[in-house]
Q: 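Got a structure for you, written out below as structure tokens; questions coming shortly.
Because the structure is predicted, anything quoted here is derived from the model rather than measured.
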Amino acid sequence: MKNLVKHLTMISIFIFNFSCAQTTMRSVADAKKIDVNKNEFIGKPLSFLLSKMNVEIKSTLPAPNKNRNEINRITFRFINDYEYRKNSSKQIKDRPTQLTVVFNQNWDFNGIVCKNTDPNCNNWTKEDEKNLGGLIVYDIYVLGKE
Amino acid sequence: MTVPLKKNGRIKELLIFVRIKNKVYFNFNKDEENLEFFENYYLLNKKDIVPDYKTSDFKKNLTAKFLAKSSSLYCETRYYDYSYLSSDGGVTFVRTSFQICGSKPLHYIPTVDDGGADNRDYGGGSFDYPEPAVKEEMDCEDAKIPSEIATNISKGTKYTVAKIAIIGMNNGVENGVVFGNVNGNLEITGVQTGGSSSIENLTSSFSDPVADLHNHPNSNPPSPGDFYSLINARNNHSNYNTRYVITQDGTTYALIVTDPSAMNIFLQNYPPSIILDANGKHVNFPNELLQEWSELRNSFSLSGALAFILNKYNSGIALTKMDSAGNFRAINIPTTQNADGTTNYAFTLCPN
């Protein structure tokens, strides 16, 4: 009887762990897993997704800018802007992996477009995380070769 | 009369009606060459079709259009043949043809069907139909005639009246009018009002609308939504080739249709992303193109980004900009590659 209880407890713990498993990005290649399992993140704050991305974000492409009320989408890249631009002659699908998060606002991209000459535009900082982390994820897509 | 029957965007067979005395007969035809004839006909840019090489004043009519800008002229004739049994028991043969000429070698579809798969051999390898072409450099000649048409309309009285009326609205939203050809004269609708960042479905009662004009209450050039709705307008009205956009600072752009066939191939390959919300309908490029467009807006230029995408993906529509002389000139974005792989983009206007 003791053994039965022990086994049932272990199975319950295993099932509990399995059912609570969340997609986590541990490498750039895992970005596709985020895309495939995007429903885990849609409808939740960006900060939740960021907490599951254990890969350093080295550059971003916000559209049209990082204003909390104007941003419609932001692309996270795992190489810096210059390294990314070295691939500009390639088709998007053959460029380094980039993960884009879409928010349900400003679909017409109104607002001043931030330029990559401005480091505040393409860098990702703790301040950005704090400022944009509360935005609710509407969609996610991943483009790139990995 | 022959009616091409399409399935999955491809002509699969022809329904042929023949009237003999007071009766109409019909039959189906699947002859590959005949199917090819119609495939080609629908994919061609109709403005390049000439009625008859031998009998028309073809050289006189087309010299300005083709020969003046090229030392070479390439023409080909395509035939459509069918036969039917006459009431006397004999066989009657019917031949129809059209001829197309251009300043470049012509590219036709050599085979019609591959038995159901959606891959076709265009002579240079197989790929999904239709071909998602990518162009390296813009051919300014392609935009020359539609640019001239845009310029001519904009130098007329009706355009001036429309522009003054739209600017005079001064209501912080988009306002627009449609231009129509009425018995050879250009007429305009009244001003129609849209939203703060889009004006959907400019309408008119014209049987032959040819262009429209709207303002952007900011400095943004034409948007992907403007581009896709021009495709829609052009597909509903065969002379609807121009969409003017005036920005808040007075800069004036025009989207012009340069190749309707390419335009529809683009539409099949890159259908718009459409979002509906409380603020209306938002039309944009699909994600992959949107990404490239956003990158260029971020690193290069707003209007340059749209012009580059439209040309690179052979959209059949070009973005033009009015110069200081009042002429619309296509925006051309030549690129150069650096040794480290980065790209330099240059903003240029095609010659008048």
Side-chain angles (χ1 to χ4, degrees), chain A residues 35 38 59-66 70-77 79-122 138-145, chain B residues 132 134 136 174 194-200 216-221 223-226 273-306 308-309 312-313 335-345:
Chain A
D35 193 351
K38 65 171 110 180
S59 59
T60 65
L61 172 69
N65 55 50
K66 281 185 183 167
E70 293 183 343
I71 188 167
N72 173 265
R73 63 191 65 204
I74 185 164
T75 296
F76 296 113
R77 294 178 183 143
I79 56 174
N80 68 37
D81 187 56
Y82 172 66
E83 289 298 322
Y84 179 80
R85 285 189 292 111
K86 284 181 177 177
N87 297 276
S88 55
S89 64
K90 298 175 186 168
Q91 296 300 304
I92 291 282
K93 64 181 170 55
D94 298 321
R95 295 185 192 178
T97 298
Q98 42 191 338
L99 185 152
T100 301
V101 182
V102 184
F103 309 109
N104 189 12
Q105 59 181 23
N106 194 17
W107 290 100
D108 296 314
F109 298 84
N110 289 323
I112 295 169
V113 176
C114 74
K115 293 290 185 180
N116 70 344
T117 46
D118 175 4
N120 293 324
C121 180
N122 287 65
Y138 178 81
D139 193 14
I140 297 170
Y141 58 90
V142 172
L143 300 170
K145 63 184 178 184
Chain B
V134 174
E136 295 297 322
E174 296 192 4
S196 59
S197 53
S198 66
I199 185 162
E200 292 169 27
H216 280 179
N218 49 40
S219 59
N220 286 348
S223 64
D226 291 327
S273 152
I274 299 173
I275 298 286
L276 293 167
D277 67 9
N279 297 318
K281 187 166 81 172
H282 310 278
V283 180
N284 225 315
F285 288 128
N287 286 342
E288 209 163 295
L289 257 59
L290 185 70
Q291 190 71 23
E292 197 166 357
W293 175 74
S294 293
E295 285 176 20
L296 287 165
R297 274 162 53 99
N298 172 267
S299 62
F300 175 50
S301 134
L302 302 191
S303 59
L306 183 65
F308 183 83
I309 295 290
K312 178 178 176 182
Y313 293 96
T335 59
T336 51
Q337 213 64 41
N338 297 315
D340 62 0
T342 57
T343 304
N344 295 325
Y345 300 88

Q: Of the backbone (N, CA, C, O) and the side chain (C-beta and beyond), which part of B:Q337 lies under 4.5 Å from a heavy atom of chain A, both, or neither?
A: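 Only the side chain of B:Q337 comes within 4.5 Å of chain A.
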Q: Please classify the contact between B:S223 and chain A as side chain, backbone, both or neither, with a heavy-atom cut-off of under 4.5 Å.
A: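 It is neither, since no heavy atom gets under 4.5 Å.
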Q: In terms of heavy-atom proximity below 4.5 Å to chain A, should B:S301 be classed as side chain, backbone, both, or neither?
A: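 Only the backbone of B:S301 comes within 4.5 Å of chain A.
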Q: Using modelled atom types and a 3.5 Å cut-off, is there a donor and acceptor pairing between side-chain atoms of B:S294 and backbone atoms of A:A63?
A: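 Absent.
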Q: Please state whether the side chain, the backbone, both or neither of B:L290 comes within less than 4.5 Å of a heavy atom of chain A.
A: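 When you check distances to chain A, only side chain atoms of B:L290 fall under 4.5 Å.
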Q: Which bit of B:N338 comes within less than 4.5 Å of chain A, counting heavy atoms only: side chain, backbone, both or neither?
A: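 B:N338 has no heavy atom closer than 4.5 Å to chain A.
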Q: As an exercise, state the distance from CG of A:D139 to CD1 of B:I275, rounded to the nearest 0.5 Å.
A: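 CD1 of B:I275 is found 8.0 Å from CG of A:D139.
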Q: State the CD1-CD distance between A:I92 and B:E292, to the nearest 0.5 angstrom.
A: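 Answer rounded to 0.5 Å: 4.5 Å.
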Q: Taking all atoms of both residues into account, what is the closest heavy-atom pair of B:Y313 and A:Q91, and its distance?
A: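 Distance-wise, the nearest heavy atoms are OH-OE1, 3.2 Å.
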Q: As a test of understanding, state which of B:T335, B:T343, B:T342, B:N344 forms a side-chain hydrogen bond (donor to acceptor under 3.5 Å, both in side chains) with A:S88.
A: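 The residue from B:T335, B:T343, B:T342, B:N344 that satisfies side-chain hydrogen bond (donor to acceptor under 3.5 Å, both in side chains) with A:S88 turns out to be B:T343.
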Q: Is there a side-chain contact between A:R73 and B:Q291 in this structure, where contact means two heavy atoms from C-beta onward sitting under 4.5 Å apart?
A: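 A side-chain contact under 4.5 Å is absent here.
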Q: Top residue by heavy-atom pair count (under 4.5 Å) with chain B, among A:W107, A:Y82, A:F109?
A: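 Among A:W107, A:Y82, A:F109, the one with the most close pairs to chain B is A:W107.
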Q: I'd like to check B:N287 versus A:T100 (side-chain heavy atoms, cut-off strictly below 4.5 Å). Are they in contact?
A: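 No, their side chains stay 4.5 Å or more apart.
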Q: Answer yes or no: is there a side-chain heavy-atom contact under 4.5 Å between A:N110 and B:N220?
A: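 Counting from C-beta outward, A:N110 and B:N220 do come under 4.5 Å.
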Q: Check the surroundings of atom CD1 in A:I112: do more than 12 heavy atoms from other residues, nucleotides or ligands lie under 6.0 Å from it?
A: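 For A:I112, atom CD1 is not crowded (no more than 12 foreign heavy atoms under 6.0 Å).
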Q: Kindly indicate whether the side chain of B:E295, heavy atoms from C-beta on, has any atom under 4.5 Å from the side chain of A:Q98.
A: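 The answer is yes; the side chains approach within 4.5 Å.
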Q: What part of B:D340 gets within 4.5 angstrom of chain A, counting heavy atoms only: side chain, backbone, both, or neither?
A: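 Both parts, backbone and side chain.
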Q: What part of A:S89 lies closer than 4.5 angstrom to a heavy atom of chain B: side chain, backbone, both or neither?
A: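 Both backbone and side chain.
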Q: For a side chain to side chain contact (heavy atoms under 4.5 Å, CB included) check, start with the C-alpha distance between A:N122 and B:N298, then their side-chain angles and the critical distance, and finish with the verdict.
A: CA-CA 9 Å; A:N122 287 65; B:N298 172 267; 3.7 Å; yes
